[in-house]
2 protein chains.
Amino acid sequence: MSHPPTGPNPCDRCLLRCNPAFLPVTTEELHIIEAFRTGTRAVEAGRPVIEEDRPSPQLYTIYSGWAFRYKTLSDGRRQILSFLLAGDFVGLQDEFAESHTHGVEAVTDVTLCSFARDRLWELFHGQPKLGYHITWLAAREEKMVDDNLVTAGRRNAAERVAMLLMHLYRRAERIGMAREGWVQFPFTQQHIADALGLSLVHTNKTLRRLQQLRLYKLDGGWLRILDPHALQTLGDYFERPLLPTPLI
Amino acid sequence: MSHPPTGPNPCDRCLLRCNPAFLPVTTEELHIIEAFRTGTRAVEAGRPVIEEDRPSPQLYTIYSGWAFRYKTLSDGRRQILSFLLAGDFVGLQDEFAESHTHGVEAVTDVTLCSFARDRLWELFHGQPKLGYHITWLAAREEKMVDDNLVTAGRRNAAERVAMLLMHLYRRAERIGMAREGWVQFPFTQQHIADALGLSLVHTNKTLRRLQQLRLYKLDGGWLRILDPHALQTLGDYFERPLLPTPLI
DNA sequence: CGTTAAGTTGACAAGTCTCAAGTTAAGTGG
DNA sequence: CCACTTAACTTGAGACTTGTCAACTTAACG
């Protein structure tokens, strides 16, 4: 999961596909995917991947880095809908959208593989298995939003923070981003507040409290979960065993 | 949209397909859908359609009535994730789930068309267009959850209620359930509270306030929007023009 | 007419937000 | 290498929204 110097490789030498978290594909499927791919793109930390109000002609798979999907109300209040990292497929909603849906912004520097939206149907048609996989990814994405909705709707501040820390740690760990119990944590407290539906100040105080309880540790942009059991119980958030994920 | 006396018809005489809100299908597609369908099912108001902790072997399309998807935390706090009505496709998430995901419960008496989950791949394979449609439905469903997450995370009580009233009214209206500006409204204040992430009492007070402002009217289980402009503005929630929906 | 679920209301408690003022950390240019 | 600037993070105080508790009313139903 280290950053490739010049962006993603051609699909047949894609580093992500060596990752056991992802489902293997046949050579034929790989060729179809490669033909579907239109290129790669790098986005700097903090810059937009997809503008909120403009439909994007591209679909993306995150190749490296962290990003997030969000929506803003007209007075500027912002809600982060979900975080995205390597392997996540973005922009599907727009394909079927009557109009604008959400924005996507890079947290770290991000590299992406891009696909032409208007050839999505072609992909379903020519390779139904890949269509099935895309549906798989859409369903997984929805499940994450479901979880976030439960969080915003029913958990209190400490529970929210506990849940999010475990969630982010687990997702990074799952695709091999953990190094001896530490995971890169590039998020600001503003990101966390926007994701949890809390104010920045209250997020800070809650974070502080859980840190003083020695439930987690944050050092130089790296996160370590000190007491996973406590965080899971507090957040009432338990990861189920995970199946390999399709990768488009 | 009146209730059929004995449950849904065979697909080739499906009343829903006469509804212009839904995408027309070819005869061949209709046959495939009919072969995919395993039967129909009636669920009484208040009864479970899918149990929260048990994976369901069935997928469903709602044929008539209102239902909702929900999740509960282990101490009983419940969050409604989205409301379901005629044409909505349910259970897809489970197909790809590592384990349990959400429960589904009937609000009114509900009739359903059921499909065998283990033949979903067959459907994608034999009729990619229908697979594409299912993805369409999944993406639309996710957009609704996105909206609900923004609501729970960033809107205050009055804004939440305004948004939900408009949302429910619009969805019912769209598939022809409106009668001279009135729409059936079978939800209790507990449903609304659970959907909005508010307490029952506060939901009641907020509802009352908006009613006294003459923004809407509720009479004998029927809802009328008196001031759509005010509710839309308050909820910062504007419906975009809608395309016909696929119907599986 | 009695029973039950749903809705209503007021009083008070608690959680979260806002405001305002720091402090720390990380650049950047002189 | 240091002074300056800026973004991120902290902290306390007080206001406000929302939640909880408890009692009561209304509507629906047998």
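Just so it is clear: chains get the letters A, B, ... in the order the sequence lines come, proteins before strands, and each one is counted from 1.
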**Message:** Under 6.0 Å between ring centres: does that hold for A/Phe68 and A/Phe187?
**Reply:** no
**Fill in**
Per atom distances to the A/Asn204 side chain, the nearest of D/dT20, D/dT10, C/dT8 is D/dT10
**Asked** Which is true for B/Leu200 with a 4.0 Å heavy-atom rule: it touches a base, it touches only sugar-phosphate, or it touches nothing?
**Response** nothing
**Fill in**
A/Leu198 atom CG is separated from C/dG15 atom P, nearest whole Å, by 14 Å
**Asked** Rounded to the nearest Å, what distance is computed from the CZ atom of residue B/Arg208 to the P atom of nucleotide C/dG10?
**Response** 11 Å
**Atom-pair distance (CZ on A/Arg77; P on C/dT18), nearest Å** = 9 Å
**Prompt:** Is there a side-chain polar atom (N or O) of B/Gln189 under 4.0 Å from OP1 or OP2 of C/dT8?
**Reply:** yes
**Prompt:** Rounded to whole angstroms, how far apart are CZ on B/Arg155 and P on D/dT18?
**Reply:** 14 Å
**Asked** How long is the line joining NZ of A/Lys205 and C1' of C/dA20, in whole Å?
**Response** 11 Å
**Prompt:** Across the strands shown, which category fits B/Gly197 at heavy-atom distances under 4.0 angstrom: base, sugar-phosphate, nothing?
**Reply:** sugar-phosphate
**Message:** Taking any heavy-atom pair under 4.0 Å as a contact, classify A/Leu207: base, sugar-phosphate, or nothing.
**Reply:** nothing
**Message:** Can you tell me which nucleotide in C/dG7, C/dC17, D/dT18 comes closest to the side chain of B/Thr188?
**Reply:** C/dG7
**Request:** Taking the side chain as every heavy atom from C-beta outward, state whether A/Tyr216 and A/Gln211 have any atom pair closer than 4.5 Å.
**Result:** yes
**Message:** Any non-hydrogen side-chain atom of B/Thr40 less than 4.5 Å from a side-chain atom of B/Thr111?
**Reply:** no
**Prompt:** Which word best sums up how the rings of B/Phe89 and B/Phe115 line up, parallel for under 30°, tilted for 30 to 60°, or perpendicular for over 60°?
**Reply:** tilted
**Message:** Nearest whole Å is fine: how far is D/dT10 P from A/Arg209 CZ?
**Reply:** 14 Å
**Request:** Measure from CG on B/Asp75 to P on D/dT20 and round the result to the nearest Å.
**Result:** 11 Å
**Item:** Whole angstrom value for the distance that separates C1' of D/dG19 from CG of A/Asn156
**Value:** 12 Å
**Asked** Looking at side-chain heavy atoms only, is the closest gap between A/Asp146 and B/Gln93 below 4.5 Å?
**Response** yes
